[in-house]
Amino acid sequence: MNWNADCEPGLILIHRFMYSSPELRLAVLQIRTPIIQTKSKKFCKLMVSWIKASGFSRTVLLSSSHAYQRDDQQLLGTPLRYLQTPSMQKVTGDRLKEMEWREMETVSTFPGVTDSEQRLYIPGGGATKGLFTDSCAEDIPLVVVLIFCSEGDNIPDAFTLLNHLNTWLHLVDAPAQMQPKWRIPASWRLLFGSGIPPALF
Amino acid sequence: MATFFGEVLSVYSRAVEECDEDLDENEEDEQIHREIEENREVHIEWGPEVTQSLGSGSNTLQCSDLIIAVGQNAAGFLSACVLNAESWDAVGCASLWNERSRGSSRQSSAPLPGEPACLFYRHRDNPAVLICQSTCYIAEDQLFQWTEKVFGCLQNRGLNVMVLSDSPMAEYKTSEYLYGSTIPFIRSLKSSAYKCQAFCPAVEQPNILTGLPAAVLSHCQVHQIPAVLYQCYSDVISPDSVTMETYKPALTSLSKLVKLESCPSADVLRKFAKISETQSNLYT
């Protein structure tokens, strides 16, 4: 792994950035900041209408959810989950199930009450649920791929999520049984603060 | 979050709670949310001359240069070196309320001297040059409003922006430990449309700029306005003449816009800095 060459000083990157790769026919929207909660609904509506207007054949939403809120069953096995809109189901068919991906479980609206209605719950996922439900309503082919993770150093979680996505989309070639060599962004440096004062020793 | 050596870093959680949209808001809830939003609204109040200019024709002010000072040292530097020349008129203010800027809740009157505030000044001989001194805290949900409302009053065409901003040294990330004579220091960041040379090195990755300077620079980047930000990292929390002096190279660009007094001495700068007195000393 090597650091991203784009670590030159003075390179301005703002809170939302769109990257595109014409060769891969891929666009990536990186959302670097949380959305203010009171604006979340508006954000979802704007995003969904933009996705629709842009005519993307499929959309993948990478997200995460609090690991500490998993139920007993979710503690076992893979921390990766997916959700797909009905429109996406028509595109992919049973491909994701055949790859043994696990669909995100619903939770009881009233835990402990039998026959209680089931609902989708993605704690720590921000606007993920809103974007998913709005995409369902607007017939947008969208799949959510998320990972259960905890606060802290999420670099390994990022690689796990990306490698999982790559097994489906084959964005980057990798030798058999090996993970691709990803480039690490400069923003991942010094996650835990600056250098140590030498006088300490 | 504490590091291994006990340093406390202000690290914000990247997780965001799910917005519970299953709950339908009743009328009372909606009214409460509306009132909260109204309380947190940013109001830009201009003086009569500017209001008149905005009211006629294009609804925007012609502005060639906007200089924004964020923080007490940046604002103190502009007060001492630029605004001290008495060729500036106070033309407006931004009033807002949030949990940390309660003092600016009076929307009908101008802030008192020394009170955290956001004030606009215009040069008498060159009215296309505006200065903004911002010493009050602007919350995350108010930053977008502030930039949209302020820049909404200015013509984008021909506009250049310079931001001077204070930052604590603790927020600067570098693999080499910095100490002593290297502090305070300045780093710059430019929008893609800014083609001139900055007077100091660019801020290195992986540093992140936040708050009003980041909001202004993001706005300028999106709208292709030439803008440069000079962020001064200091290890002193209170206003300090040494930190103010670090902004001196900015005078070279400013002197091309307006006539400035000769750069004040350190003594004059000290007058603009609060001297923090020790309230109690445990050992005497």
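Nothing here was measured: the structure is a model prediction, and the numbers come from that model. All values below were derived from every heavy atom in this structure, side-chain atoms included, with hydrogens, water molecules and symmetry-related copies excluded. We name chains A, B, ... by the order of the sequence lines, and we start the count at 1 in each one.
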Asks: Would the number of heavy atoms belonging to other residues, nucleotides or ligands and lying under 6.0 Å from CD of B/Q224 be above 12?
Replies: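 Not buried by this count: 12 neighbours or fewer within 6.0 Å.
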Asks: Grab the two heavy atoms, one from B/P206 and one from A/S187, that are nearest each other, plus how far apart they are.
Replies: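 Where B/P206 meets A/S187 most closely, the heavy atoms are CB-CA, 3.7 Å.
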Asks: Just verifying a value: how many Å separate A/I36 CD1 and B/L143 CG, rounded to the nearest 0.5 Å?
Replies: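 It comes to 8.0 Å.
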Asks: Tell me if the NZ atom of B/K149 is crowded by more than 12 foreign heavy atoms within 6.0 Å.
Replies: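 More than 12 within 6.0 Å, yes.
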Asks: Between OG of A/S194 and CE of B/M169, what distance do you get to the nearest 0.5 Å?
Replies: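 Atom-to-atom, A/S194:OG and B/M169:CE are 6.5 Å apart.
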Asks: Does any heavy atom of chain A fall under 4.5 Å from the side chain of B/F144, the backbone, both, or neither of them?
Replies: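 Neither part.
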Asks: Salt-bridge test for A/R189 and B/E204: reply yes if a basic N is under 4.0 Å from a carboxylate O, no otherwise.
Replies: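 Looking at A/R189 and B/E204, the cut-off is not met.
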Asks: What distance do B/D141 atom CG and A/K39 atom NZ have between them, rounded to the nearest 0.5 Å?
Replies: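 Going from CG on B/D141 over to NZ on A/K39, the span is 8.0 Å.
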Asks: Is it true that atom CD of A/Q118 has more than 12 heavy atoms of other residues, nucleotides or ligands lying nearer than 6.0 Å?
Replies: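 Result for CD/A/Q118: enclosed.
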Asks: For A/F110, does the CZ atom have more than 12 heavy-atom neighbours from other residues, nucleotides or ligands under 6.0 Å away?
Replies: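 Counting other residues, nucleotides and ligands, CZ of A/F110 stays at 12 neighbours or fewer.
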Asks: Return yes when atom CG of A/L29 has more than 12 non-hydrogen atoms of other residues, nucleotides or ligands closer than 6.0 Å, and no otherwise.
Replies: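 Counting neighbours around CG of A/L29, more than 12 heavy atoms of other residues, nucleotides or ligands fall under 6.0 Å, so yes.
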Asks: Should the heavy atoms of other residues, nucleotides or ligands under 6.0 Å from CG of A/D71 be counted, would the total exceed 12?
Replies: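 It does: A/D71 CG has more than 12 such atoms within range.
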Asks: Once rounded to the nearest 0.5 Å, what's the spacing between atom CD of B/Q205 and atom CH2 of A/W188?
Replies: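 With rounding to 0.5 Å, CD (B/Q205) is 14.0 Å from CH2 (A/W188).
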Asks: Return the OG1 to NE2 distance between A/T38 and B/H33, rounded to the nearest 0.5 Å.
Replies: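 The OG1 atom of A/T38 sits 8.5 Å away from the NE2 atom of B/H33.
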